[in-house]
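Heads up: the structure comes next, in structure tokens.
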Amino acid sequence: METSKQYPDFVHIGMKILLWFEKNGRKLPFREEKSPYFIWISEVIFQQTRIQQGMEHYLRFVERFPTVQHLASATEDEVMLYWKGLGYYSRAINLHHAAQQIMNDYSGEIPSDYRALLRLKGVGKYIASAVMSIAFNQPYPAVDGNLYRVLSRFFCDDYDISQSKAFDYFSELAMRMMPMERAGDFNEAMMDIGAEICTPKNPRCTLCPIHTDCMAYSVGKVLEFPIKKKKIVKKKETIDYFFLHDGQSFWAKQRGKETFWKSLYEFPSSIPEKYSEMIYDTYQVRHQFTHKDLTINIHLLERKSEETLEEMSIMEHFEKIDFDKMDNFSFPKPLQDFLRNKFSL
DNA sequence: AACGCGGGGAC
DNA sequence: GTCCCAGCGTT
């Protein structure tokens, strides 16, 4: 098979992209000084989150944890507090763990080595390549969904992106375009084109610096790419919660790390049979996950004295949380909304 | 190789 | 409401 370094036959396309990027690239805070730490954090936060959606979280996060040292020495609960609302909570747990790996194994310095980066929790081939290219200007292609879309359209390539081999395949294509001495700029430029021009729907092709070279554009088939053969199967699931409070506090418990909403807090999921008559209302909310359609029933129980509540054996593993202290805990979005709407907090 | 994991924007 | 977006860890 031909290798990219031997056949950089589309590098003139990469040059067009760089020229466009210098005038039209997004100005983002972590692009100012190219600090490996800020690049790493931004890649983890924005890997599956749009810039607009996660920017406030990013700014808060790096203000509170400005260095690897700050992040490593924080408690996991505090890290979760700054991650609250971003979703995919294992990212935060892994990020925290990786910060401690960097303290222990690399004296607090982000390693400038692809293999070493891959050993960090939460760092896969994409983030390792992004850090290597953007922070250290090494020629690694940052292959993500943007790149699949831009390249499959540019080359009119029907390679199935749901196959795991697609990563290597499109890495090869990217390397044929990349001006080697400006890998970081090239990768950032491709992300910007994918996010703002070569979008999944309503692509703004005429603004694209390479649309006159784009093979899908030339035959009017842009929207047919990329090809993804595997489709998502959505499952249904129901959760019952029992909301107990004494007017000042309510009961909650931290979730485990087995399934979704890792390490976030939730309400009791069951109560002794004899208390079911205390239910006076049920608040139902549907919540859409990518792979799951969740129905949440929050059963409100009549206000009881603290003594009564403490007697209930089910309460043993739960914490009593004051309504006015709830911001110190990380709740899933629907439970946060419930608390805010139902009790106007 | 297959599966689970969030939340928000566009329409 | 419905549809869409995506890398990483685990198994």
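Labels below follow one simple rule: chain letters A, B, ... track the order of the sequence lines, proteins then strands, and each chain is numbered from 1. All of these numbers come straight from a predicted model, not from anything done at the bench.
Between A:Y159 and A:Y169, the two ring planes are parallel [angle under 30°; tilted spans 30° to 60°]. In this pair, A:W261 and A:H287 present their aromatic rings tilted. The plane angle is within the 30 to 60° band. The aromatic rings of A:F250 and A:F323 sit tilted relative to each other, their planes meeting at an angle between 30° and 60°. Note: A:F331 and A:F267 have tilted aromatic rings, judged against thresholds of 30 and 60 degrees for the angle between ring planes.
Residue contacts shown for A:T290 include a base, since a base heavy atom lies under 4.0 Å away. Contact annotation for A:Q163: no contact, since no heavy-atom pair falls under 4.0 Å across all strands. Residue contacts for A:T259: at a heavy-atom cut-off of 4.0 Å it reaches the sugar-phosphate backbone alone, with no base atom in range. Looking at heavy-atom distances under 4.0 Å, A:K235 makes contact with sugar-phosphate atoms alone, never a base.
Distance CZ (A:R286) to P (C:dC3): 11 Å, rounded to an integer number of Å. We find that CD of A:E196 is positioned 15 Å from C1' of C:dC5, with the value rounded to whole Å. With rounding to whole Å, A:F289 atom CZ is found 17 Å from C:dC4 atom C1'. Atoms NZ (A:K228) and C1' (C:dC4) sit 9 Å apart, rounded to a whole Å. Remark: P of C:dG9 and CD of A:Q47 are 9 Å apart, rounded to the nearest angstrom. Computed from coordinates, the A:Q48 CD to C:dG9 P distance equals 11 Å when rounded to whole Å. Rounded to an integer number of Å, the gap from A:D144 CG to C:dC5 C1' is 11 Å.
DNA chain C is contacted by A:R149 of residues 147-161 of chain A, taking any non-hydrogen atom closer than 4.0 Å. Near DNA chain B, meaning a heavy atom under 4.0 Å away, there are no residues from residues 116-136 of chain A.
First and last contacts of DNA chain B with chain A, using any nucleotide atom under 4.0 Å from a protein heavy atom and ordered 5' to 3', fall at B:dA1 to B:dC11.
Comparing A:S162 and A:K333 along DNA chain B, the residue whose closest nucleotide (by nearest heavy atom) sits nearer the 5' end is A:S162. Looking at which nucleotide of DNA chain B each of A:S164 and A:F260 is closest to, the 5′-most match is held by A:S164.
Seen from the ring of A:F260, A:R255 counts as a face-on cation partner, given the 6.0 Å and 45° thresholds. Both cation-pi conditions hold for A:K125 and A:F167: the charged atom is under 6.0 angstrom from the six-membered ring centre and inside a 45 degree cone around its axis.
Here CG of A:D213 is found 8.5 Å from CE of A:M177. Values are rounded to the nearest 0.5 Å.
In this model, no donor atom of one side chain and acceptor atom of the other lie less than 3.5 Å apart for A:E181 and A:N137. In this model, no donor atom of one side chain and acceptor atom of the other lie less than 3.5 Å apart for A:R91 and A:N94. A donor atom on one side chain and an acceptor atom on the other are not found under 3.5 Å apart for A:D157 and A:S152. Using modelled atom types and a 3.5 Å distance limit, the side chains of A:D160 and A:S162 yield a donor-acceptor pair.
When ring centroids are compared, A:Y114 and A:F136 stay outside the 6.0 Å threshold.
A distance of about 24 Å separates the C1' atoms of C:dC8 and B:dG9, rounded to the whole Å.
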